[in-house]
Amino acid sequence: MTIPPNADDLPSRYDPAQADAPLYEAWESSGVFGVTPDSSKRAGGTADPFVIVMPPPNVTGVLHMGHGLNNSVQDVLMRWRRMSGDAALWLPGTDHAGIATQNVVERQLAVEGKTRQDLGRDAFLDEVRTFVAEKGGVILRQLRAIGASCDWKRTAYTFSPELSRAVREIFVRWYEDGLIYRGHRVTHWCSRCLTALSDEEAESHPAQGLMYHVRYALASDAARGIIVATTRPETMFGDVAIAVHPEDSRYAGMVGKQVINPANGAKIPVIADSYVEREFGTGALKITPAHDANDFEVGKRHKLKMPIILSPEGFVVEGTDAAGRVPAEYVGLERFDARKRVAKELERSGALVKSEQHHHSVRKCYRCDTVVEPRLSDQWFVKMAPLAAPALQAVKDGRVRILPERWEAVYVNWMENIRDWNISRQIWWGHRVPVFYCQSPATGCPAHFASRDDAPACPACGGATRQDEDVLDTWFSSQLWPFSTLGWPDKTPDLAAFYPTDVLVTAPEILFFWVARMIMSGMYVTRSTDNPDGVAPFHSVYLHGTARDAQHRRMSKSLGNGIDPLDVVDAYGADALRWTVIAGMGLGSDLLLDHENIEQSFAPGRNFATKLWNIGRFLLLQVGTVPVRSLSDISDAELAPADHWILGRIDAAIAAADTALGPARPADGNAWRPDELRQGLRLDEYAEAARAFVWNDLADWYLEHAKTRLQPGHAEREVTRALLVHAFDRALRLLHPVMPFVTESLWKKLPGRDRSELLARASWPAADRRSAGAAADEFDAARSAISAIREIRSDYAVPAGQIVQAALSGTAPLRSAAAAREAAFIARVARCELVAEAAVPPGAAARRVLAGGVEVVVSLEGVVDLGRERDKLSAELDQLQTQLDALRVRLANEKFTSKAPAAIVEAERTKEREWATRAAQLVAKLTALGGA
RNA sequence: GGGCGGUUAGCUCAGUUGGUUAGAGCGCCACGUUGACAUCGUGGAGGUCACAAGUUCGAGUCUUGUACCGCCCA
């Protein structure tokens, strides 16, 4: 005989601080998170692969709530699929984060008064590597604290030798395919980071600024002029023309004439270009080709000079083609100082017609918030249109779905208007552009060429080469993540087994930065003669919301409104954190957390873990540790109505969870069918379904009911023990993906369980279909009776300790008989004594007619207020009568009965009969109470 | 300026192909410690589904317009 645990072994609360870490250790050391390629169906195994690649956090980053949310979602999916028998791979890793990491190290150097240039490229890179070695990877350890079930052996890094090889490979392929080219054009330039940025990296921010209206006088006739509006008068030194619309009658006579730039006295032509919008501003534009992307295009069309008048650092200079254009007193002025000074000077000279407040947007560097400057330079670009076409089609065909749906429209809109991608950065930390130049170019030597090898010889003359100084956009390497992490460009077993992956879980902010580019590059590298479009790297993109505070502001360091996930883990446990983010976040909605009231945000999760823990505690204390009979060995005849009922509830909960989470992949293996395109990934609905089952069915009803049957010597004790353990086992399995720690902790303790077994590798539950509906309905009749008696007690404020007399009867004898069979249960939980109806004094009783045909009468001798009971019944009757009248009008309407579907009409007729019966019963009760 | 979404209970949100008594969690109110759990239990209040018009036997759900809020891109 096994000795049952005693209450001292089981405190009344789960203690995550003590229990969580050893559980994680047990999972990790058991290898349950690991998966080998040979288990995948694609590589000769038997299991469907299910793969998620983790959006790699910055290598030196630390965990914030966004990571907590992002990784909780992924872990729920991974644990669900792992339990479902898939070859489940969650591949973790980090991103070298070019500009961001370089900035951090540069700031450290700045404290010592040094710049990266002081150190030189090699020494600086050593400095960054040292920093990454010291600080890097912290976030991966932090992810373990929230329970992330990654296959850590495969931890990848975008700047590792292996992934760097993938970067070179695709660069060279694209270069050789003509998809990468050198472009001389205006790009966004960050004067603090000293690098060009992509369009996506220069974020628009609303701004309030001054719009200056400046008059450019005609050189031949100072009395005439053109007024131009600009927000950046400092760029006037770089003006090379004034452009008007060719059909604009206001300026018809001026085209071809010269005007004088009031900022520097230079004579510049008035040109006509249909790019100018006549309705906008004065209808005339100053053209500064080197410092505005649109002006650059105009300048190209008109073969204008492109003087650069700002230094890379943002100071006024006479740069390329600008000799003589900048008055000496402006040289060396910071751009915003120069703006003020130019404006002042224009005002003094009378050229400034007016200046007015103006709403516009300015673009800022996404890494340092510096206002970016459009600047002419030579950069490497990827030609996007050929790559975008198949990636757009894949989404339109349903080979890739984007959830929530509205982001799909955003994706389509972006892809249809895609612009070329500037991939070169003038920083040092990153993959160096693998383009080489001949050191002593002779006739026949290429201007440049791309190479997989370092220091290749010039292919034409065989001479020495030098490598391009620039490095690649950090997103250039992360776009390869779904296949570079699996060994591409080699044909590895991993790549065969796990590409394509399944779900990509991330935030909408990086839909273009990362997701779209992964689809494009993933399809590109998997093109074949059989499949010219290639294979998209995942079939589902799940875009989750943002962590925000109670005022809906994005959580951020600068606002100080963040919540540290690790603080939450310490105070409430990882399960509570996960519960809050999963249960609290509908598909696509933001997660609102009040940083000033952590308790309100995370207590529900902790409370639920406590509830679960106490169900387990009750079960272990009452059921003991002796193994229980298996459900399949118990005959239907041994099952009580309550058993049938809980078995039905289990099946319903499993079905609800499966519907909320799945399908895991498209049924036909290629594209989503329209009917399944928007299904699944409702993690909050899954969590709620599991919670409702555990709390509202198992704990509130079945467990209460079991208390009597578990008494030592009770004939049904063994069946009850078995059913309780079965139900709780199913509950723990269902909840494991969202609350892995407390469920694992409890599951190990269930009777008959071998301590070495892990819930993390147990099977996901499937419906038993043992529940007989009629038997379950009997238990429902008892539940209804209990609720009715409780309502009556509450209505009449019967003291909680007082036992009342109650009788069950009604028009549905079977149901009332069934309810009567649960008399002991009803009596105990409704705190009543069940008597014959005749024993209840008619004048001092409250009655309820229940939907199932059971009628409940509660004797309230000395408590009941007859008038109040009459009012109550009248009110109920009134409401019912109103609805019944409306129903009868509807049924009397010939248009309804003839046009509505027969099934609907029949349902309405059935309802009419039921309501009429119930109304008649209510009338009878009222009459009995002396009412009208 | 172009594209897209939203407005349902005090708060945050569900609400399937239109089917007629609109749901949940949290919060709120009342009562309560009955041997798993007060991080709990029992009961309750609370919504003319933003507004207007239309389609329909029937509209939270479809159409159009208005107001307000938000997102993406310029």
Side-chain angles (χ1 to χ4, degrees), chain A residues 7 10 12-14 199-200 203-204 277 279-280 293-294 361 363 404-414 416-417 419 508-509 511-512 546 548 550 552 572 576 583-594 599-622 659 675 678-679 682 684-685 687-689 691-692 695-696 699-700 703-704 707 786-787 789-795 797-801 803 828-831 879-880 882-884 886-887 889-891 893-901 903-905 907-908 911 915:
Chain A
L10 287 172
S12 65
R13 285 166 207 174
Y14 177 69
D199 293 339
E200 292 70 34
E203 299 180 330
S204 287
E277 285 183 50
E279 292 75 26
F280 191 80
N294 293 315
S361 63
R363 300 183 77 146
E405 198 176 351
R406 69 188 131 93
W407 287 105
E408 193 165 299
V410 175
Y411 174 91
V412 167
N413 191 251
W414 189 74
E416 286 177 342
N417 298 289
R419 297 153 59 124
E509 296 96 275
L511 180 60
F512 307 136
T546 307
R548 295 179 184 277
H552 298 202
Y572 296 88
M585 192 180 64
L587 177 65
S589 66
D590 289 335
L591 177 69
L592 302 186
L593 298 170
D594 188 349
E599 174 72 14
Q600 187 179 344
S601 298
F602 297 98
R606 178 207 50 199
N607 295 355
F608 183 39
T610 304
K611 184 73 182 181
L612 209 52
W613 180 256
N614 277 289
I615 294 169
R617 186 160 168 259
F618 167 83
L619 186 140
L620 295 170
L621 292 172
Q622 300 303 315
T659 302
D675 63 302
R678 309 293 168 204
Q679 297 299 307
R682 267 68 175 178
D684 58 325
E685 292 177 14
E688 172 54 22
R691 187 207 64 80
W695 208 314
N696 303 134
D700 288 350
L703 200 139
E704 280 306 319
K707 282 176 179 172
I786 290 163
S787 295
I789 297 167
R790 283 172 171 168
E791 280 168 35
I792 291 168
R793 294 182 63 106
S794 180
D795 284 351
V798 179
I803 306 289
R828 179 163 57 84
V829 301
R831 302 195 66 71
Q879 200 198 350
L880 186 62
T882 307
Q883 288 162 359
L884 191 53
L887 187 58
V889 167
R890 201 175 311 136
L891 282 166
N893 184 345
E894 193 273 332
K895 282 180 179 167
F896 173 68
T897 49
S898 62
K899 290 195 180 181
I904 297 289
V905 176
E908 298 293 286
K911 203 186 303 178
W915 288 1

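Proteins get letters first, then strands, A, B, ... in listed order; numbering begins at 1 in each. All heavy atoms count here, side chains included; hydrogens, waters and symmetry mates do not.
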I want to verify a distance call: between [options], whose nearest atom is closest to the [X] side chain?
| X | options | result |
| --- | --- | --- |
| Gln622(A) | U12(B), A36(B), A74(B) | A36(B) |
| Lys911(A) | G25(B), G19(B), U20(B) | U20(B) |
| Trp407(A) | U42(B), C71(B), A74(B) | C71(B) |
| Val410(A) | A36(B), C72(B), A74(B) | C72(B) |
| Arg617(A) | U42(B), C37(B), C26(B) | C37(B) |
| Asn607(A) | C40(B), A14(B), G25(B) | C40(B) |
| Arg406(A) | C72(B), C4(B), U39(B) | C4(B) |
| Glu791(A) | G43(B), G25(B), G19(B) | G43(B) |
| Asn614(A) | U42(B), A36(B), G25(B) | A36(B) |

Sugar-phosphate only, base, or nothing, as touched by [X] at under 4.0 Å among non-hydrogen atoms:
| X | result |
| --- | --- |
| Leu592(A) | sugar-phosphate |
| Glu894(A) | nothing |
| Ala699(A) | base |
| Pro901(A) | base |
| Phe512(A) | sugar-phosphate |
| Arg363(A) | sugar-phosphate |
| Leu511(A) | nothing |
| Arg890(A) | base |
| Arg13(A) | base |
| Thr610(A) | base |
| Ala603(A) | nothing |
| Trp695(A) | sugar-phosphate |
| Gln679(A) | nothing |

For the [atom1] atoms, the ones on [N] and on [M], what distance do you get once it is rounded to whole angstrom?
| N | M | atom1 | value |
| --- | --- | --- | --- |
| U61(B) | G27(B) | P | 32 Å |
| C31(B) | C49(B) | P | 34 Å |
| U39(B) | C51(B) | C1' | 44 Å |
| U55(B) | C29(B) | C1' | 44 Å |
| A24(B) | G47(B) | C1' | 14 Å |
| G60(B) | G15(B) | C1' | 8 Å |
| A14(B) | G5(B) | P | 15 Å |
| U12(B) | C73(B) | C1' | 29 Å |

Minimal non-hydrogen separation, Asn614(A) against Ser12(A), with atom names: ND2-O, 2.9 Å
Between Leu884(A) and Trp915(A), the two heavy atoms sitting closest are CD1-CB, 3.6 Å
Measure from the side-chain N and O atoms of [X] to the backbone N and O of [Y], and report whether any donor-acceptor pair falls under 3.5 Å.
| X | Y | result |
| --- | --- | --- |
| Asp590(A) | Thr546(A) | yes |
| Ser589(A) | Met585(A) | no |
| Arg691(A) | Ala583(A) | no |
| Arg831(A) | Ala800(A) | yes |

If you find the nucleotide of RNA chain B closest to Ala409(A) and the one closest to Gln883(A), which residue's nucleotide is nearer the 5' end? Ala409(A)
Comparing nearest nucleotides in RNA chain B, the 5'-proximal residue of the pair Arg419(A), Pro799(A) is Pro799(A)
Mind calculating the distance between [atom1] ([X]) and [atom2] ([N]) to the nearest angstrom?
| X | N | atom1 | atom2 | value |
| --- | --- | --- | --- | --- |
| Glu203(A) | C71(B) | CD | C1' | 14 Å |
| Glu688(A) | G15(B) | CD | C1' | 14 Å |
| Asp684(A) | G25(B) | CG | P | 13 Å |
| Glu685(A) | G23(B) | CD | P | 17 Å |
| Gln600(A) | U39(B) | CD | P | 16 Å |
| Phe618(A) | U39(B) | CZ | C1' | 19 Å |
| Arg548(A) | G70(B) | CZ | P | 11 Å |
| Leu619(A) | A36(B) | CG | P | 12 Å |

Could you identify the nucleotide paired to [N], looking across every strand shown and requiring Watson-Crick or G-U wobble geometry with both distances under 3.5 Å?
| N | result |
| --- | --- |
| A45(B) | none |
| G65(B) | C51(B) |
| C40(B) | G32(B) |
| U12(B) | A24(B) |
| G60(B) | none |
| G70(B) | C4(B) |

Examine G35(B): is either OP1 or OP2 under 4.0 Å from a nitrogen or oxygen in the side chain of Lys707(A)? Give yes or no. no
Distance below 4.0 Å between His552(A) side-chain N/O and C69(B) OP1 or OP2: no
Any donor-acceptor pair under 3.5 Å between the side chain of Trp613(A) and the base of U39(B)? no
Give me the ring orientation class for Phe512(A) and Trp414(A): parallel if the planes are under 30° apart, tilted from 30 to 60°, perpendicular past 60°. parallel
Anything under 30° is parallel, anything over 60° is perpendicular, the rest tilted; go ahead and classify Trp695(A) against Phe608(A). parallel
Reported CH2-to-OH distance for the pair Trp613(A) and Tyr14(A), which is rounded to 0.5 angstrom: 7.0 Å
State whether Arg682(A) and Glu688(A) are salt-bridged, where the test is any N-O pair (Lys NZ or Arg NE/NH1/NH2 against Asp/Glu carboxylate O) under 4.0 Å. no
